[in-house]
Participant: 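If you scroll down you'll find the structure; I have some questions about it.
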Amino acid sequence: MSNTLTGARASDASALFISDLHLQAAQPAITAAFHDFLERHARHAPQLYLLGDLFEYWAGDDDLDDPFNREIITALRRVSDAGTAIYWIAGNRDFLVGADFAAAAGVTLLPEVFVTNIGGQRLVLVHGDAQCTEDVKYMEFRAMVRQPAWQQQFVAMPLAQRKAIIAGMRENSRKDQGAKTMEIMDVTPQAIADLFAQTDTNIMIHGHTHRPALHLAGATRRYVLPDWEPEATPPRGGWIAIDSAGVITRHDVRGAVIS
């Protein structure tokens with residue numbers, strides 16, 4: 001790992017990409033690292049892409065005035081008002097983010113699969129959970145909760161009830177993960193190959209799996225974003241940058257380029 005910034009430095013980047021911070025009031029170190037990233041890096045980049053699970057959970061846009069949620073919204077709005085275009089792809093924890101959040105934070109909501117051109121590079125962006133097709137139980141759950149009818153029924157419940165249900169879901173998820181192999185919870189090669197073919201791209205950026213890496217397969221490059229835990233040993237977290245020449249670099253939570 002390099003101790004100096006080379007290649008697509010965050011200050012020179014055309015676009016930055018992050019995911020899986022799982023922000024919550026109970027994790028102040030992650031929140032502090034996120035604020036530092038926004039102020040030192042994101043506000044100096046033309047574009048910032050949030051690729052899912054920015055929050056540990058999102059119960060609905062009627063929770064905008066929760067003090068912690070308001071803190072994050074205000075921080076994003078400052079970056080947006082400074083001139084950075086912020087884009088959002090929903091994760092498996094915060095797929096209930098809607099238009100009210102987007103308006104308050106100054107972000108643009110994107111579809112689950114988004115193809116864009118940055119620095120002359122054509123790439124596809126996803127959260128990554130939809131490509132974990134061997135996790136059959138999760139895929140069934142995902143299909144249910146992504147239905148508009150289910151979401152409308154859920155957000156019609158009182159906010160406190162929704163938060164209690166989400167807490168139960170999170171606990172069940174932790175128990176389920178203990179019984180699953182990492183391979184089952186990872187993306188499947190066929191799903192990745194299909195997505196490359198469907199989008200006519202050869203570069204992909206996603207998160208979700210918490211297994212940061214650069215995967216090379218033939219002519220394709222797949223970048224996996226890290227989750228964030230700056231107080232872990234070693235510290236986890238970081239982002240991906242693309243500069244105006246199309247150079248792609250991975251950065252750790254301190255900003256150093258990962259070789």
Participant: Quick one: closest heavy-atom pair of Phe95 and Ala90, and the distance?
Facilitator: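 Closest pair (atom of Phe95, atom of Ala90, distance): CA-CB, 3.6 Å.
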Participant: If you apply the rule side chain to side chain contact (heavy atoms under 4.5 Å, CB included), what do you find for Leu64 with Phe101, and how did you get there?
Facilitator: CA-CA 7 Å; Leu64 294 177; Phe101 172 90; 4.0 Å; yes
Participant: Could you tell me whether a side-chain N or O of Ser80 sits under 3.5 Å from a main-chain N or O of Gly106, the two making a donor and an acceptor?
Facilitator: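 Confirmed, Ser80 side chain pairs with Gly106 backbone.
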Participant: Quick one: which residue pairs count as a salt bridge (charged side-chain N to carboxylate O under 4.0 Å, His left out) with a foot in residues 193-210, not counting sequence neighbours?
Facilitator: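 Listed by first then second residue: nothing to list.
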Participant: Is any side-chain heavy atom of Ile248 closer than 4.5 Å to a side-chain heavy atom of Ile203?
Facilitator: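 A side-chain contact under 4.5 Å exists here.
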Participant: May I ask you to decide if Ile240's main-chain N or O and Arg250's side chain share a donor-acceptor pair within less than 3.5 Å?
Facilitator: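 It does not hold such a pair.
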Participant: Does Arg78 reach the side chain of Leu76, with side-chain heavy atoms less than 4.5 Å apart?
Facilitator: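 Arg78 does not reach Leu76 side chain to side chain.
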Participant: Quick check: His22 with Trp228 (ring centres under 6.0 Å apart)?
Facilitator: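 Ring centres of His22 and Trp228 not closer than 6.0 Å.
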Participant: Flag the pair Phe34 / Leu54 as yes when at least one side-chain heavy-atom distance between them is below 4.5 Å, and no otherwise.
Facilitator: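 Phe34 vs Leu54: side chains touch.
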Participant: Please identify which of these residues, Thr201, Ile242, Val115, meets the side chain to side chain contact (heavy atoms under 4.5 Å, CB included) condition with Leu123.
Facilitator: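 Result for side chain to side chain contact (heavy atoms under 4.5 Å, CB included) with Leu123: Ile242.
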Participant: Would you name the heavy atoms of Pro46 and Ala13 that are closest together and state the gap between them?
Facilitator: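 Minimum heavy-atom contact is CD-O, 3.0 Å.
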Participant: Between Leu38 and Val79, which heavy-atom pair has the shortest distance, and what is it?
Facilitator: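 The answer is CB-CG2, 3.9 Å.
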Participant: Going by the angle between their ring planes, with limits at 30° and 60°, are Phe55 and Trp88 parallel, tilted or perpendicular?
Facilitator: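 Phe55 and Trp88: tilted rings.
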Participant: For Pro111 versus Ile89, what's the shortest heavy-atom pair and its separation?
Facilitator: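 The pair with the smallest heavy-atom distance is O-CG1, 3.7 Å.
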Participant: What pairs with Asp20 under side-chain hydrogen bond (donor to acceptor under 3.5 Å, both in side chains), at least two apart in sequence or on another chain?
Facilitator: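 For Asp20, the residues satisfying side-chain hydrogen bond (donor to acceptor under 3.5 Å, both in side chains) (neighbours in sequence not counted) are His210.
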Participant: Please lay out, stage by stage, how Asp129 and Tyr138 fare under the test side chain to side chain contact (heavy atoms under 4.5 Å, CB included).
Facilitator: CA-CA 9 Å; Asp129 61 324; Tyr138 170 70; 2.5 Å; yes
Participant: Closer than 3.5 angstrom, by distance alone: can the side chain of Asp100 be matched with the main-chain N or O of Asp61 as a donor-acceptor pair?
Facilitator: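 Such a contact is absent between Asp100 side chain and Asp61 backbone.
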Participant: Using side-chain heavy atoms (C-beta onward) and a distance below 4.5 Å, is Lys163 in contact with Asp63?
Facilitator: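 Yes, side chains in contact.
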